[in-house]
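Heads up, the thing below is written out as structure tokens.
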Amino acid sequence: MGRSKTNPSRGFWKLILPAVALFSTVLLVAQKPQETSPPKYDVHIESKMKGTIEELKLPAKGNEKEIAHLLVKIGTDTSDIYLCPKSFLDDMGITFTKGDEIGITGAKAKQGEADLILAREVAKGTDTLILRDDKGNPVWSWRR
């Protein structure tokens with residue numbers, strides 16, 4: 001009778017290779033940086049400024065939890081003003097239009113390579129939209 005030649009380690013590798021592949025994938029996903037983590041507000045560098053709205057940048061429909069931004073001409077510079085989730089703007093019933101004169105209380109920050117101004121308050125006419133408390137914490141709920 002002939003002996004069949006089997007490699008006992010072959011079954012071992014059939015089990016191990018998929019596990020190694022899965023583990024490697026999990027590590028790669030876990031190392032992906034959080035791109036949407038909000039920048040931190042620093043009350044120590046807060047300032048007040050006035051400007052004219054050049055553009056309202058809203059997230060795409062279906063992404064109302066994402067942040068709305070204003071591009072505002074302040075002096076000779078155009079600044080990106082980080083407001084709040086679009087859903088919060090909608091709840092507050094405030095609208096911004098190109099050409100609106102506004103006052104901003106905010107703090108400069110970086111998100112990735114981008115320079116931003118995190119707004120704590122935005123005043124338009126007699127209305128003031130409060131976005132952060134006096135410690136710089138957002139007044140909206142991220143869970144919404």
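Taking OG1 of T128 as the reference point, atom CD1 of I94 lies at 8.0 Å (rounded to 0.5 Å). A distance of 8.5 Å separates CD1 of I104 from CG of L83, quoted to the nearest 0.5 Å. Between the CG atom in L118 and the CD atom in Q111 there is a gap of 8.5 Å [rounded to 0.5 Å].
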Criterion side-chain contact (heavy atoms from CB on, under 4.5 Å) on C84 and L89, from CA distance to verdict: CA-CA 7 Å; C84 59; L89 271 185; 3.7 Å; yes

side-chain contact (heavy atoms from CB on, under 4.5 Å) between V139 and F88, worked out: CA-CA 9 Å; V139 297; F88 185 75; 3.7 Å; yes

From CA spacing to verdict: side-chain contact (heavy atoms from CB on, under 4.5 Å), L70, I102: CA-CA 11 Å; L70 291 173; I102 60 170; 3.8 Å; yes

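For the pair E64 (side chain) and G62 (backbone), a donor-acceptor distance under 3.5 Å is present.
Screening residues 89-127 for ring pair (Phe, Tyr, Trp, His ring centres under 6.0 Å), with sequence neighbours left out, gives no hits. For residues 67-76, the side chain to side chain donor-acceptor pair (under 3.5 Å) pairs, not counting sequence neighbours, are H69-D80.
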Under 3.5 Å, which donor-acceptor pairs do the side chains of residues 47-61 form with other protein atoms, sequence neighbours left out?
from	atom 1	to	atom 2	distance (Å)
T52	OG1	E101	OE1	3.3
T52	OG1	E101	OE2	2.8
E54	OE1	T78	OG1	3.2

Only distances under 3.5 Å count here; give the side-chain donor-acceptor pairs of residues 129-137 to other protein atoms, sequence neighbours excluded, each with its distance to 0.1 Å.
from	atom 1	to	atom 2	distance (Å)
R132	NE	A119	O	3.4
R132	NH1	G136	O	2.9
D133	OD1	K135	N	2.9
D133	OD1	G136	N	3.0
D133	OD1	N137	N	2.9

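With sequence neighbours excluded, the residues satisfying salt bridge (charged side-chain N to carboxylate O under 4.0 Å, His left out) with K124 are D100. The side chain to side chain donor-acceptor pair (under 3.5 Å) test applied to D42 returns H44, not counting sequence neighbours.
Closest of all the heavy-atom pairs between I67 and Y82 is CG1-OH, 3.5 Å.
Contact check on K108 versus D115 returns no salt bridge, with no Lys/Arg side-chain nitrogen under 4.0 Å from an Asp/Glu carboxylate oxygen.
Linking Ile, Leu, Val, Met, Phe, Trp and Tyr residues whenever their side-chain heavy atoms come within less than 4.5 Å leaves V122 and L71 in two separate clusters.
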